[in-house]
Engineer: 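One structure, as structure tokens, below. Some questions next.
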Amino acid sequence: MNNRDAAQVFYNIADLLEIKGEQIYKVLAYRRAAESILSLGRDLRGVWKEGGLETIPGVGKAIGAKIDELLRTGKLEFYEELKAEVPATLAEVLRVGDVGPKKAARFWKELGITTLDQLERAARDGRLRGLSGMGEKSEARILASIEALRRRQSGRIPIGTARPIAESLLQRLRQAPDVAKAEMAGSLRRWRETVGDLDLIVGATDPDAVMQAVRQFPEIARIKGQGETKFSAELVDGLRVQLWVHPPERFGTALQYATGSQAHNVRLRERALDLGLSLSEHGFKRSDGKEILCAEEAEVYQRLGLPWIPPELREDQGEVQAASAGRLPELVTLEALHGELHSHTDWSDGQNTIEEMARGARSAGLSYLVISDHSQSLGVVNGLTVERLRMQWEAIAEAQHRLGDSILLLRGAEVEIRADGELDYPDEILAALDVVTASVHTSLRQSRERVTARMLSAVRNPHVDVIGHPTGRMVGGRDPAELDLEAVLAAARESGVALEINAHPARLDLKDAHARRAVEMGCRLAINSDAHSPADLELRPYGVATARRGWVGAESVVNAWPRERLLAWLGQRG
DNA sequence: GCCGTTTTCGGCCCGACTGTTTTCAGTCG
């Protein structure tokens with residue numbers, strides 16, 4: 001029973017309660033608790049052992065007791081009884097667009113439908129239109145939604161895939177007639193690691209003209225809906241795009257609204273009510289009916305007596321309270337990164353020479369680059385033997401000579417933490433390296449105790465400076481390794497080693513919630529691209545965004561320090 | 001079911017879009 005399993009139980013409870021017709025606020029309470037468990041950043045079990053369940057936002061007595069039962073017994077009686085009452089498979093029916101709790105309940109009670117397959121068959125057979133309030137159109141929409149659901153398997157796509165597509169749409173939108181502004185919104189703008197659809201927002205005086213222009217975009221496969229301010233369509237690859245068009249003088253409230261998250265918006269709107277204002281995407285409304293418009297998003301926050309809150313923080317995880325108390329963190333930025341600590345060359349599995357990588361880093365504005373190819377035991381990626389590593393040092397020196405002092409090259413390695421817990425190079429070699437990054441690539445399926453022990457021995461090794469992609473997780477794929485992250489973070493704080501936030505959009509490891517926990521614990525971090533080509537250096541914004549989502553300030557990030565400070569830090573380490 | 005520098009009980013955001021029910025319910029974000 002890990003955090004994800006526990007969260008899933010509460011999401012399911014929420015779905016089933018909703019179908020059952022339970023009070024919506026009770027349903028939302030379960031969802032909120034599930035959300036909090038997912039963004040906890042540490043093992044739920046640890047919080048439980050400390051007796052701190054009710055410190056989790058959205059967890060009170062009732063849900064706290066349920067978590068306790070779940071962790072103690074691995075089961076939850078309340079959930080079991082609920083499943084006996086409402087078929088659990090109805091949750092998959094809820095995933096279908098245009099099907100919410102009310103319709104799901106009617107399909108089940110009036111037609112005996114409990115699974116997606118049954119719903120599809122009923123729609124094809126024309127049995128849905130027999131229900132009151134449902135006609136042929138509804139039936140067709142549901143069929144289309146089922147198809148769409150089946151096409152996009154997981155439902156969410158990685159941010160690294162989504163953003164370039166959105167950028168390309170935005171570029172053309174900005175050239176459309178009458179468009180004053182066009183921006184990303186939704187989870188795209190909040191830089192969540194995956195997004196469900198592309199939310200875009202446009203400031204323009206003539207919505208029709210904008211929507212007409214979008215209809216002509218070649219990647220639009222079909223229009224799903226269009227109103228006065230809202231347009232939604234499906235792209236050829238099944239991805240959904242949602243576009244809002246609002247007048248430029250209302251762009252601020254509109255952008256704020258469309259960026260979300262929904263929970264963050266609710267928090268702001270409650271705050272507005274406290275101030276005697278009603279907030280919507282169109283603007284503020286005073287009790288006398290007068291409107292207050294915001295062209296800029298910052299004005300929305302200002303009106304609420306808050307500093308502007310960066311989109312990466314808008315998850316209702318304490319950011320509104322922090323903003324209100326003047327305690328928002330000064331988040332790290334891309335510009336703050338002076339160098340790259342993790343890069344590969346054609347000496348191992350990179351695509352380019354040392355010099356090409358160096359020139360790439362230089363044009364990215366970096367003042368130093370650590371060459372950190374794989375170590376010997378990783379044969380599949382042509383890991384360097386000690387002998388080849390020494391040869392590489394000469395090559396680095398030669399490249400440095402040719403480059404002059406335009407960029408500083410440092411000798412590094414991504415050293416494998418082997419299955420037996422030993423590092424992949426002898427101590428005298430590690431000592432001769434400027435930067436040692438220790439990573440695990442293999443045997444992640446060992447027992448929790450063994451993986452933790454391997455990590456701890458690497459963290460405590462005086463030669464190690466950075467732990468690379470510490471949990472081994474893959475976005476939308478592999479879960480974080482079973483390890484005692486709390487223990488690793490505590491040891492990292494002790495030894496002063498930095499934990500990597502790997503910027504590759506497939507990794508983003510540490511993830512946002514873990515980064516936040518690391519900072520809470522007082523750990524140092526490093527934001528690295530793990531570049532295998534100069535182009536990969538362009539992926540650093542994903543790492544920066546992940547750090548920002550984890551409330552990480554520049555002070556915690558070693559490669560955001562001035563170069564001299566970084567070099568001094570490295571010098572005093574083993 | 002949670003939560004409180006206006007509350008330990010009574011609140012808990014606000015609007016767009018769609019289909020079909022001629023006045024609104026359901027869904028979504």
Side-chain angles (χ1 to χ4, degrees), chain A residues 10 13-14 17-19 21-36 53-67 78 94-107 128-129 131-142 144-145 185-188 190 195-201 207 211 223-232 240-246 250 253-254 256-285 304-305 314 316 320-321 324-325:
Chain A
F10 291 108
I13 288 175
L17 285 178
E18 198 176 16
I19 293 170
E22 186 56 86
Q23 246 218 70
I24 189 62
Y25 294 111
K26 194 183 278 198
V27 173
L28 293 177
Y30 279 101
R31 283 209 182 109
R32 169 116 212 275
E35 209 72 39
S36 280
L53 286 179
E54 289 183 39
T55 65
I56 299 170
V59 176
K61 249 181 152 47
I63 294 183
K66 290 185 173 71
I67 296 176
F78 174 75
L94 268 190
R95 302 281 91 78
V96 177
D98 300 315
V99 177
K102 297 289 196 306
K103 286 184 191 165
R106 294 187 58 203
F107 294 157
L128 300 185
R129 66 186 73 170
L131 302 176
S132 71
M134 305 252 334
E136 284 180 45
K137 279 191 176 174
S138 307
E139 210 168 58
R141 276 171 73 96
I142 285 173
S145 295
S187 44
L188 206 53
R190 302 199 311 277
V195 303
D197 54 17
L198 304 183
D199 294 320
L200 306 177
I201 174 151
M211 294 184 198
I223 316 293
K224 304 272 285 186
Q226 181 175 342
E228 282 173 38
T229 61
K230 219 172 133 181
F231 170 90
S232 83
R240 240 185 35 184
V241 176
Q242 212 156 194
L243 182 78
W244 287 272
V245 187
H246 285 268
R250 298 177 188 268
T253 39
Q256 194 290 311
Y257 153 75
T259 298
S261 66
Q262 203 163 349
H264 175 87
N265 287 357
V266 168
R267 191 71 66 184
L268 291 194
R269 288 169 178 202
E270 282 171 357
R271 193 177 168 91
L273 285 177
D274 288 345
L275 299 171
L277 297 166
S278 164
L279 171 61
S280 80
E281 56 266 49
H282 303 291
F284 288 98
K285 220 177 251 167
L304 295 170
R314 301 183 196 170
D316 190 25
V320 176
Q321 295 87 332
S324 179

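What you are looking at is a predicted structure, and each value in this text was computed from that prediction instead of being measured. In what follows, every chain begins at residue 1, and chains take the letters A, B, ... in the order their sequences are listed.
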Engineer: Taking the side chain as C-beta and beyond, is there a heavy-atom pair between A:Glu18 and A:Ile24 under 4.5 Å?
Structural biologist: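 In short, these two side chains touch, coming nearer than 4.5 Å.
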Engineer: Name the pairs: protein N/O against N/O of nucleotides 6-8 of chain B, kept only if under 3.5 Å.
Structural biologist:
none

Engineer: Are the charged groups of A:Lys66 and A:Glu54 less than 4.0 angstrom apart, N to O?
Structural biologist: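 Here A:Lys66 does not pair with A:Glu54 in a salt bridge, since their nearest N and O are not under 4.0 Å apart.
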Engineer: Roughly how many Å apart are B:dG4 and B:dC17, using the P atom of each and rounding to a whole number?
Structural biologist: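 Approximately 35 Å lies between the P atom of B:dC17 and that of B:dG4.
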Engineer: Between A:Gly58 and A:Gly133, who's closer to the 5' end of DNA chain B by nearest nucleotide?
Structural biologist: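 In this pair, the answer is A:Gly58.
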Engineer: Would you say that A:Pro101 contacts A:Glu22 through its side chain, given a criterion of any heavy-atom pair below 4.5 Å between the two side chains?
Structural biologist: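 Side chain of A:Pro101 against side chain of A:Glu22, heavy atoms only: no contact under 4.5 Å found.
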Engineer: Say whether, by atom type as modelled, one donor and one acceptor occur between the side chain of A:Ser36 and the main chain of A:Ile56 under 3.5 angstrom.
Structural biologist: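 Checked: no pair found.
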Engineer: Base, sugar-phosphate, or nothing for A:Leu279, non-hydrogen atoms under 4.0 angstrom?
Structural biologist: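 Sugar-phosphate, no base atom in range.
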Engineer: So does A:Lys224 have more than 12 non-hydrogen atoms from other groups sitting under 6.0 Å from NZ?
Structural biologist: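 Yes, because the 6.0 Å sphere around NZ of A:Lys224 holds more than 12 heavy atoms from other groups.
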Engineer: Which label fits B:dT7, syn or anti, where anti is any glycosidic angle not within 90° of 0?
Structural biologist: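 The base of B:dT7 is oriented syn (glycosidic angle within 90° of 0).
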Engineer: Does A:Asp316 have any salt bridge (charged side-chain N to carboxylate O under 4.0 Å, His left out) partners at least two apart in sequence or in another chain, and if so, which?
Structural biologist: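 Result, salt bridge (charged side-chain N to carboxylate O under 4.0 Å, His left out) vs A:Asp316: A:Arg32, A:Arg267.
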Engineer: Looking across every strand, which nucleic acid part, if any, lies under 4.0 Å from A:Ser278 by heavy atom: base, sugar-phosphate, or nothing?
Structural biologist: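 Sugar-phosphate: the residue A:Ser278, judged by heavy atoms under 4.0 Å, touches backbone atoms but no base.
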Engineer: Do A:Leu17 and A:Val27 have side chains that get closer than 4.5 Å, going by heavy atoms?
Structural biologist: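 Side-chain contact under 4.5 Å: yes.
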Engineer: By nearest atom, which of the nucleotides B:dC14, B:dG1, B:dC13 is closest to the A:Ala62 side chain?
Structural biologist: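 Per side-chain heavy atoms of A:Ala62, the pick is B:dG1.
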Engineer: Can you tell me how far C1' in B:dC2 sits from the matching atom in B:dT7, rounded to whole Å?
Structural biologist: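 Pairwise C1' distance, B:dC2 against B:dT7, rounds to 13 Å.
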Engineer: Could you state the atom-to-atom distance from CD1 of A:Ile56 to P of B:dG1 in whole Å?
Structural biologist: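 From A:Ile56 CD1 to B:dG1 P: 17 Å.
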Engineer: Base, sugar-phosphate or nothing for A:Arg141? Non-hydrogen atoms, less than 4.0 Å.
Structural biologist: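 The answer is sugar-phosphate, as A:Arg141 gets under 4.0 Å only of primed atoms, P, OP1 or OP2.
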Engineer: Whole angstrom is fine here: how far is it from NZ in A:Lys285 over to C1' in B:dC13?
Structural biologist: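 These atoms are roughly 13 Å apart.
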Engineer: Tell me which of A:Met211 and A:Lys61 sits closer to the 5' end of DNA chain B, going by the nucleotide each one is nearest to.
Structural biologist: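 Between the two, 5'-proximity favours A:Lys61.
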Engineer: If the C1' atom of B:dC28 is compared with that of B:dC13, how far apart are they to the nearest Å?
Structural biologist: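 Between the two C1' atoms, the distance is 14 Å.
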Engineer: Taking atom P of B:dG4 as reference, at what distance in whole Å does atom CD of A:Glu54 sit?
Structural biologist: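 Between P of B:dG4 and CD of A:Glu54: 12 Å.
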Engineer: Give the rounded distance in Å between these two atoms: CD of A:Glu270 and C1' of B:dC14.
Structural biologist: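 A:Glu270 atom CD is separated from B:dC14 atom C1' by 12 Å.
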Engineer: Under 4.0 Å, heavy atoms only, any strand: does A:Gln321 hit a base, just the sugar-phosphate, or nothing?
Structural biologist: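 The residue A:Gln321 makes no contact with any strand.
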Engineer: Can you tell me if A:Ser138 touches the phosphate of B:dT18, counting only side-chain N or O atoms and a distance under 4.0 Å to OP1 or OP2?
Structural biologist: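 No, outside the criterion.
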Engineer: Is the shortest heavy-atom distance from the side chain of A:Phe107 to the side chain of A:Ile142 under 4.5 Å?
Structural biologist: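 Counting from C-beta outward, A:Phe107 and A:Ile142 do come under 4.5 Å.
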Engineer: Which letters describe nucleotides 24-29 of chain B, given B = protein heavy atom under 4.0 Å from base, S = only from sugar-phosphate, - = neither?
Structural biologist: --SSSB
Engineer: Tell me: NE2 of A:His264 to P of B:dC14, nearest whole Å?
Structural biologist: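 Nearest whole value for this atom pair: 15 Å.
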Engineer: Going by 5.5 Å between centroids and 30° between planes, is there a stack of A:Tyr25 over B:dC2?
Structural biologist: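 No, aromatic ring not over the base.
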Engineer: Within the 4.0 Å heavy-atom criterion, would you say A:Lys224 contacts the bases, only the backbone, or no part of the nucleic acid?
Structural biologist: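 No contact.
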Engineer: Rounded to the nearest angstrom, tell me the gap between atom CZ in A:Arg267 and atom C1' in B:dC13.
Structural biologist: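 It works out to 12 Å between those atoms.
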Engineer: Grab the CG-P distance between A:Leu28 and B:dC14 for me, whole Å please.
Structural biologist: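 Rounding to the nearest Å, CG of A:Leu28 and P of B:dC14 are 15 Å apart.
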Engineer: Looking only at the side chain of A:Leu273 (C-beta and beyond, no hydrogens), which of the listed nucleotides B:dT18, B:dC14, B:dG1 gets closest?
Structural biologist: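 Minimum distance to the A:Leu273 side chain belongs to B:dC14.
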Engineer: Given side chains that start at C-beta, do those of A:Arg271 and A:Ser324 come closer than 4.5 Å, heavy atoms only?
Structural biologist: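 SC-SC contact between A:Arg271 and A:Ser324 confirmed.
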Engineer: Quote, to the nearest angstrom, the C1' distance that separates B:dT23 from B:dT18.
Structural biologist: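 Per the computed distance, 15 Å lies between those C1' atoms.
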Engineer: Quick one: sort the A:Trp244 and A:Tyr257 rings into parallel, tilted or perpendicular, breaks at 30° and 60°.
Structural biologist: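 Correct class here is perpendicular.
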Engineer: Please state how far atom CD in A:Glu18 lies from atom P in B:dG1, giving the value in whole angstrom units.
Structural biologist: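 Interatomic distance, CD of A:Glu18 to P of B:dG1: 15 Å.
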Engineer: If I pick the C1' atom on B:dT6 and the same atom on B:dC12, what distance separates them, to the nearest angstrom?
Structural biologist: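 About 16 Å, rounded to a whole number of Å.
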Engineer: Given 3.5 Å as the limit, does a donor-acceptor pair link the side chain of A:Arg129 with the main chain of A:Glu136, or not?
Structural biologist: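 Pair absent, no side-chain N/O of A:Arg129 close to backbone of A:Glu136.
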Engineer: Can you figure out which of B:dC17, B:dC13, B:dG15 approaches the side chain of A:His282 most closely?
Structural biologist: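 Of the options given, the side chain of A:His282 lies nearest B:dG15.
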Engineer: Determine the Euclidean distance between corresponding C1' atoms of B:dT8 and B:dG1; express it in Å to zero decimal places.
Structural biologist: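 These two C1' atoms come out 14 Å apart once rounded.
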Engineer: If you measure from the P atom in B:dT27 to the same atom in B:dT20, how many Å do you get, rounded?
Structural biologist: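 Pairwise P distance, B:dT27 against B:dT20, rounds to 14 Å.
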Engineer: Side chain of A:Thr229, heavy atoms from C-beta onward: which of B:dC2, B:dC14, B:dC17 has the nearest atom to it?
Structural biologist: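 Nearest to the side chain of A:Thr229 among the choices is B:dC17.
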Engineer: Which part of the nucleic acid, if any, lies within reach of A:Gln23 when heavy atoms closer than 4.0 Å are counted: base, sugar-phosphate only, or nothing?
Structural biologist: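 Answer is base: heavy atoms of A:Gln23 come under 4.0 Å of a base.
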Engineer: Considering every strand shown, what is the Watson-Crick or G-U wobble mate of B:dT8 when both distances are under 3.5 Å?
Structural biologist: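 None - no nucleotide pairs with B:dT8, as no candidate has both distances under 3.5 Å.
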Engineer: With heavy-atom distances below 4.5 Å as the criterion, would you say the side chains of A:Met134 and A:Glu139 are in contact?
Structural biologist: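 When only atoms from C-beta onward are counted, A:Glu139 and A:Met134 do not touch, as no gap falls below 4.5 Å.
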